[in-house]
Amino acid sequence: MLFDHCAQCQRCCHVDEDYPPLEVTLTQKEKKVYGSVCIETHCAHLGPVGCQLGDDKPVSCKLYPLSFEPQTRRFHFDVECPLKATYFEQLAQPDSEASLHLSKMAKAIQNLEKSDPAFLETNYAIDVDYFELEALPVNPWTVRKQT
């Protein structure tokens, strides 16, 4: 499974020495639940086998290694994530884990465009400052399922 590697890698839940803390962007609803989530050296919700929040983790964490640029409505990928090559390769397969992840994130983004557009702007601004991003080779808004 593509994302099984994440529990071992945990790179996205750590901040390297000499880097500033990473304030995880939260939606308005998530702010009411978590207040804030700041990764100074490692995420407080990180356990020995990955995120202890499971499906309740913040949208920005679910989105990673993707980043969404609201102005162009394009998805980008953190080039330092070790899953990049496999993720990009799997995007050619409509039922792959990467394609399903992208589809799920696109639906979440569509909802946030209506309910919390400020989250999208803030999240992308932080991602651009913190990560080296590369545009995805596909755009979920133009991909059509074959019948």
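Positions are given from 1 along the sequence. As the structure is a computational prediction, the values presented were derived from the model and not from experiment.
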Residues that K104 engages under salt bridge (Lys or Arg N to Asp or Glu O under 4.0 Å), provided they are two or more places apart: none
Qualifying residues under ring pair (Phe, Tyr, Trp, His ring centres under 6.0 Å), relative to F3, sequence neighbours excluded: H101
Contacts of type side-chain hydrogen bond (donor to acceptor under 3.5 Å, both in side chains), residue T86, not counting sequence neighbours: none
Distance-only donor-acceptor hits, side chain of residues 118-132, under 3.5 Å, sequence neighbours excluded:
from: E121; atom 1: OE2; to: Q71; atom 2: NE2; distance (Å): 2.8
from: T122; atom 1: OG1; to: A118; atom 2: O; distance (Å): 3.0
from: N123; atom 1: OD1; to: T25; atom 2: OG1; distance (Å): 3.2
from: N123; atom 1: ND2; to: D127; atom 2: OD2; distance (Å): 3.4
from: Y124; atom 1: OH; to: E69; atom 2: OE1; distance (Å): 3.4
from: D127; atom 1: OD2; to: S67; atom 2: OG; distance (Å): 2.7
from: Y130; atom 1: OH; to: P20; atom 2: O; distance (Å): 2.4

Pairwise side-chain contact, L26 with V59, heavy-atom cut-off 4.5 Å (strictly under): no
Salt bridge (charged side-chain N to carboxylate O under 4.0 Å, His left out) contacts touching residues 11-21 (sequence neighbours left out): R11-E80
Set of side-chain contact (heavy atoms from CB on, under 4.5 Å) partners for A106, sequence neighbours left out: F75, P140, W141
Any donor-acceptor N/O pair, K84 side chain to D78 backbone, under 3.5 Å: no
Whether S115 side chain and N111 backbone form a donor-acceptor pair below 3.5 Å: yes
With sequence neighbours excluded, residues passing side-chain hydrogen bond (donor to acceptor under 3.5 Å, both in side chains) with K31: none
Pairing residues for R74 by the side-chain hydrogen bond (donor to acceptor under 3.5 Å, both in side chains) criterion, not counting sequence neighbours: none
Linked hydrophobic residues, V79 as query - side chain contacts closer than 4.5 Å: none
Show me, pair by pair, the donor-acceptor contacts under 3.5 angstrom made by side chains of residues 32-48, not counting sequence neighbours?
from: Y34; atom 1: OH; to: D56; atom 2: O; distance (Å): 2.3

Partners passing salt bridge (Lys or Arg N to Asp or Glu O under 4.0 Å) against E97 (at least two apart in sequence or in another chain): none
